[in-house]
Amino acid sequence: MIEYVIVFVLAMLAGLWATAAGVFMDLDPWAVFVVATAGSSAFTAAVLFFGGRWRDAMIRKYMPDMDERVEKSQLGTVLDTYGVPGLAVASIIFGPSLTLAGVLGLGIDRKRFFLWYAPITVVGYALATAFWVAVS
């Protein structure tokens with residue numbers, strides 16, 4: 001059971017690399033896929049919808065012009081270049097924690113991001129699990 005908890009937590013921190021850990025711990029691949037997807041999705045939803053409210057309150061209070069400043073900055077070019085789908089793909093590769101910091105910092109619409117993130121996560125984790133099963 002502890003191994004599945006490790007996969008759950010790794011999915012929050014390391015993205016789809018958690019599937020490799022689960023497969024190489026000789027866990028059931030279907031369970032690895034489900035646990036990793038659940039861990040990443042639960043963490044992302046919590047950060048987006050609870051952390052996002054906190055972010056909005058802090059921005060309104062301390063830096064009301066932040067969204068305009070971000071659009072004009074080099075960080076704004078990240079969103080222009082890759083868009084919301086690109087950030088959703090990045091979250092499974094680099095881990096959701098790093099990407100979510102960018103999503104909140106850039107002020108991206110959280111619901112829109114999650115609508116891209118959820119299916120990309122399911123497909124990405126399925127492919128990663130299948131890959132690691134084939135490799136092992």
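Residues satisfying the salt bridge (Lys or Arg N to Asp or Glu O under 4.0 Å) test with Asp109, not counting sequence neighbours, are none. Evaluation of the side chain to side chain donor-acceptor pair (under 3.5 Å) rule for Thr19 yields no partner, not counting sequence neighbours. Checked against side chain to side chain contact (heavy atoms under 4.5 Å, CB included), Leu13 has the following partners two or more places apart in sequence or in another chain: Val9. Ser136 meets the side chain to side chain contact (heavy atoms under 4.5 Å, CB included) test with Val23, Phe24; sequence neighbours excluded. Under the rule for a side chain to side chain contact (heavy atoms under 4.5 Å, CB included), the partners of Phe131 that lie at least two apart in sequence or sit in another chain are Val135. Partners of Asp56 according to the side chain to side chain donor-acceptor pair (under 3.5 Å) rule, which considers only residues two or more places apart in sequence or in another chain, are Arg110. Every residue meeting the side chain to side chain contact (heavy atoms under 4.5 Å, CB included) condition with Met63, not counting sequence neighbours, appears here in chain and number order: Asp65, Met66, Arg69.
A salt bridge (Lys or Arg N to Asp or Glu O under 4.0 Å) check over residues 38-50, counting only residues at least two apart or in different chains, returns nothing.
Residues Tyr82 and Leu115 fall into different hydrophobic clusters, defined by Ile, Leu, Val, Met, Phe, Trp and Tyr side chains chained together at heavy-atom separations under 4.5 Å. Follow the hydrophobic side-chain contacts under 4.5 Å out from Leu127 and you never reach Trp17; the two are in separate clusters. Placement of Val123 and Ile120 in two distinct hydrophobic clusters is found when ILVMFWY residues are connected by side-chain heavy-atom separations under 4.5 Å, directly or transitively.
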Review item, side-chain donor-acceptor pairs of residues 26-40, under 3.5 Å, at least two apart:
residue : atom : partner : partner atom : Å
Asp28   : OD2  : Ala31   : N            : 3.3
Thr37   : OG1  : Phe33   : O            : 2.7
Ser40   : OG   : Tyr117  : OH           : 2.2
Ser40   : OG   : Tyr125  : OH           : 3.3

Would you be so kind as to tabulate the donor-acceptor pairs closer than 3.5 Å made by side chains of residues 86-108, with sequence neighbours excluded?
residue : atom : partner : partner atom : Å
Ser91   : OG   : Ala88   : O            : 2.6
Thr99   : OG1  : Ser91   : N            : 3.4
Thr99   : OG1  : Gly95   : O            : 3.4

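To the nearest 0.5 Å, atoms CG (Leu48) and CZ (Phe43) are separated by 9.5 Å.
Under a 4.5 Å side-chain heavy-atom criterion applied to ILVMFWY residues, the cluster that includes Phe50 comprises that residue alone. Under a 4.5 Å side-chain heavy-atom criterion applied to ILVMFWY residues, the cluster that includes Tyr62 comprises Trp54, Met58 as well.
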